[in-house]
Amino acid sequence: MKKIFLIVSLFFIANATHAQFYGAVAGYKLVDGGSWVKSKNYYLLTLIENDKQAKAILTSDKELATLAKAKTDALKNAMKTCKDGLCLPATLKFSNEEIDLVSRRLGALYKTGNALDRLVKQHLIPSGCYNLYKDETPANLLIKAWQQDASAINFTIGVYAEGKKPNYPQIDSISFDVNKKSYYTLMYDAATEVADTVKPADVFFAAPLHAALTYLEINERNNAGFYEPMAAGLNKPAVQKVRTVKWAAYPYSHILVPGAGPDNLTTPLSGEGMLRCRFAAREYFAGKAPFVVVSGGSVHPFKTKNNEAVEMRRYMINTLHLPASAVIIDPHARHTTTNLRNDARLVFRYGMPFAKPGLIVTDKYQNDFIEKMDKRCIQELKYLPYKLGRRLSETSLEFYPSISSLQIDADEPLDP
């Protein structure tokens, strides 16, 4: 009898461990690594930098050490030979051969129980940041995460140093004219910053990673880090309230209000944004949900300093008299697709009931668009960040958040 009990106990322990290792965990706290822009865009690389044992495995590998030296040597040589600004950042991107080399070495260096294994099981999997690869083995998930981060670095360098087109050129393009003579000086100075900062003992990706972050900064494109950590800042009152809510008293977990940017640099909140807030406030005071999530980044017009979510929050509290503890901001979304994706992330991270529906409240025309947005989500995100429910009225639409939304978007560095 004791033997049977032991076997059954071990079965449940094994399955509990499997559940812990192979699914996103609501209580998981992202490691910021001293830079939210870095961690939100390149989470694996951030984790490696902050894990001494994992970093030691990689820095002691001869092939990866050779790659690290090759990247810094190429940059220093380019500073002597390049005659235009575009030549310099090109040397910092990862080639396909380099990405493949690192993939092979990660596969060889990964061992069950070592620091790389722990990094995958204690961080990559529970974070959900690489959710598209959740069905891979731990070793393959590590490799896929590396390939994604390398691609993300190359994309950032391509757009914000080489001047290539982003997905949405009207709002996300480079801040400089790459054809001007002065651009060479700017790129040379950026190369100097990287060359002077990266040390010989640093991990193999140090130079490209620091370059990508430098290019984002000089373009004033550190949007991904705006208002972080939100749970300790503007969202703190609501995060504290989440723990006390009696959820059965509400038909919806929250109300989502997508932002609408003004058409000039001086107007903080558009008229459309105000009206959407009013629609949502009526639903809130009718007892539909305990929270309102206002979603929208610093988007319109190009390089605006105003933030849609922050301005909507101010309007909700100061004009419409919602309590601060009822309003949650998502100050990063740049499109309707990411209004819903980022909202799903907040619901999960803040411990709201994930299976309970939310309510989108906006104007008729945006809800019409959302009902037909599946194809765009699949094209841009590779998944649907929601499942739609009933259309209750012109301004209100039910939806269920998707756990796939935790996946990092490698080609949207302003809101990955």
field: Audit row: Glu398, Tyr252, side chain to side chain donor-acceptor pair (under 3.5 Å) steps and yes/no
entry: CA-CA 9 Å; Glu398 294 179 337; Tyr252 302 103; 2.6 Å; yes
message: List the residues meeting side-chain hydrogen bond (donor to acceptor under 3.5 Å, both in side chains) with Thr66, not counting sequence neighbours, and say none if there are none.
response: none
field: Residue among Thr338, Asp411, Ile408 satisfying side-chain contact (heavy atoms from CB on, under 4.5 Å) with Pro416
entry: Ile408
message: Quiz question: by atom type and distance under 3.5 Å, do the side chains of Tyr28 and His123 form a donor-acceptor pair?
response: yes
- request: Hey, could you give me each pair passing salt bridge (charged side-chain N to carboxylate O under 4.0 Å, His left out) that has a residue in residues 310-330? Not counting sequence neighbours.
  value: Glu311-Arg314
message: Taking Val37's backbone N and O only, do any of them form a donor-acceptor pair with Asn222's side chain (distance below 3.5 Å, no angle check)?
response: no
query: Taking atom CD of Glu220 as the centre, does the number of heavy atoms from other residues, nucleotides or ligands within less than 6.0 Å exceed 12?
result: no
query: So, Asn219 side chain and Ser175 main chain: donor-acceptor pair closer than 3.5 Å or not?
result: yes
- request: Could you tell me which residues satisfy salt bridge (charged side-chain N to carboxylate O under 4.0 Å, His left out) with Glu394, sequence neighbours excluded, listed by chain and number?
  value: none
- request: Answer with yes or no whether the side chains of Arg278 and Tyr315 bring together a donor and an acceptor at under 3.5 Å.
  value: yes
task: Look up atom OH in Tyr133 and atom CG in Asn131, then write down how far apart they are to the nearest 0.5 Å.
output: 10.5 Å
query: Taking only residues two or more places apart in sequence, or in another chain, which ones meet Lys144 in a salt bridge (charged side-chain N to carboxylate O under 4.0 Å, His left out)?
result: none
- prompt: Does Lys199 have any salt bridge (charged side-chain N to carboxylate O under 4.0 Å, His left out) partners at least two apart in sequence or in another chain, and if so, which?
  reply: none
task: Output yes when Arg391 and Asp368 qualify as a salt bridge under the 4.0 Å nitrogen-oxygen rule, no when they do not.
output: yes
- line: Looking only at heavy atoms, the pair that brings Phe226 and His332 closest together is O-NE2, 2.8 Å
- prompt: Do you know the tightest heavy-atom contact between Arg349 and Ser127?
  reply: NH2-O, 2.8 Å
message: Any non-hydrogen side-chain atom of Tyr183 less than 4.5 Å from a side-chain atom of Asp177?
response: no
- request: State whether Arg104 and Glu63 are salt-bridged, where the test is any N-O pair (Lys NZ or Arg NE/NH1/NH2 against Asp/Glu carboxylate O) under 4.0 Å.
  value: no
query: Got a salt bridge between Arg276 and Asp363, using NZ or NE/NH1/NH2 to carboxylate O under 4.0 Å?
result: yes
task: To the nearest 0.5 Å, tell me how far Leu64 CG sits from Phe205 CZ.
output: 10.0 Å
message: Going by the rule side-chain contact (heavy atoms from CB on, under 4.5 Å), which residues pair with Ile57 if we only count those two or more places apart in sequence or in a different chain?
response: Leu109, Asn114, Ala115, Leu116
- prompt: Is a side-chain donor or acceptor of Thr267 paired with a backbone partner of Ser270 at a separation under 3.5 angstrom?
  reply: no
- prompt: Do Val194 and Tyr215 come close enough that some side-chain heavy atom pair is under 4.5 Å?
  reply: no
- request: Please report the shortest heavy-atom distance between Leu92 and Leu75, naming the atom on each side.
  value: CD1-CD1, 3.9 Å
query: Is the closest side-chain heavy-atom distance between Asp189 and Thr185 below 4.5 Å?
result: yes
message: To check you understand the geometry: which heavy-atom pair defines the closest contact between Ser396 and Asn367, and what is its length?
response: N-ND2, 3.5 Å
message: Measuring from atom CD1 of Ile328 to atom NZ of Lys241, what distance do you get when rounded to the nearest 0.5 angstrom?
response: 9.0 Å
field: Min side-chain heavy-atom separation Thr362-Asn339 under 4.5 Å
entry: no
- prompt: With a 3.5 Å cut-off and no angle check, do the side chains of Glu380 and Tyr168 form a donor-acceptor pair?
  reply: yes
Nearest atoms (heavy-atom pairs only) where Ala309 meets Pro331: CB-CA, 3.8 Å
- prompt: What pairs with Asp172 under side-chain hydrogen bond (donor to acceptor under 3.5 Å, both in side chains), at least two apart in sequence or on another chain?
  reply: Arg334
query: When you look at Ser405 and Tyr383, which way does the side chain to side chain contact (heavy atoms under 4.5 Å, CB included) test go after all the steps?
result: CA-CA 8 Å; Ser405 297; Tyr383 60 84; 4.2 Å; yes
message: Thr336: which residues meet the side-chain hydrogen bond (donor to acceptor under 3.5 Å, both in side chains) condition with it, sequence neighbours left out?
response: Gln366
message: Closer than 3.5 angstrom, by distance alone: can the side chain of His210 be matched with the main-chain N or O of Pro208 as a donor-acceptor pair?
response: no
field: Verdict with supporting geometry, His300 and Gln170, side chain to side chain donor-acceptor pair (under 3.5 Å)
entry: CA-CA 9 Å; His300 299 285; Gln170 290 186 336; over 6 Å; no
message: I'd like to check Ile370 versus Leu340 (side-chain heavy atoms, cut-off strictly below 4.5 Å). Are they in contact?
response: yes
message: Is the shortest side-chain heavy-atom distance between Ser404 and Pro385 below 4.5 Å?
response: no
- request: Mind checking the OG1-CG spacing from Thr46 to Leu209? Nearest 0.5 Å is all I need.
  value: 6.5 Å
message: Restricting to salt bridge (charged side-chain N to carboxylate O under 4.0 Å, His left out), what partner residues turn up for Glu162, sequence neighbours left out?
response: Lys93, Lys164
- request: Report the residues that fulfil side-chain hydrogen bond (donor to acceptor under 3.5 Å, both in side chains) with Arg345, sequence neighbours left out, ordered by chain and then residue number.
  value: none
query: Would you say the side chains of Asn235 and Tyr350 form a donor-acceptor pair under 3.5 Å?
result: yes
field: Side-chain heavy-atom pair Leu44, Leu119 within 4.5 angstrom cut-off
entry: yes
query: Backbone N or O of Met230 within a donor-acceptor pair of the Glu228 side chain at under 3.5 Å?
result: yes
task: Let me know which of Phe204, Tyr130, Tyr42 forms a ring pair (Phe, Tyr, Trp, His ring centres under 6.0 Å) with Trp146.
output: Phe204
statement: With sequence neighbours left out, the residues meeting side-chain contact (heavy atoms from CB on, under 4.5 Å) with Pro251 are Lys288
- line: For Ala212 and Thr156, the nearest pair of non-hydrogen atoms, with its separation, is O-CG2, 3.6 Å
Separation between CG of Asn167 and CZ of Phe155, rounded to the nearest 0.5 Å: 4.5 Å
task: Give a yes or no on this: more than 12 heavy atoms of other residues, nucleotides or ligands lie within 6.0 Å of atom NZ of Lys364.
output: yes
- request: Measure the CD1-CE distance between Ile218 and Met187 for me, rounded to the nearest 0.5 Å.
  value: 4.0 Å
Pairing residues for Cys82 by the disulfide (SG to SG under 2.5 Å) criterion, not counting sequence neighbours: Cys87
query: Is it true that a side-chain atom of Arg221 and a backbone atom of Ser173 form a donor plus acceptor pair closer than 3.5 Å?
result: yes
message: Between His254 and Phe399 (judged by ring centroids, cut-off 6.0 Å), do the two rings come close enough to count as a pair?
response: yes
message: With a 3.5 Å distance limit and no angle check, can you tell me whether Thr72 reaches the backbone of Lys69 through a side-chain donor-acceptor pair?
response: yes
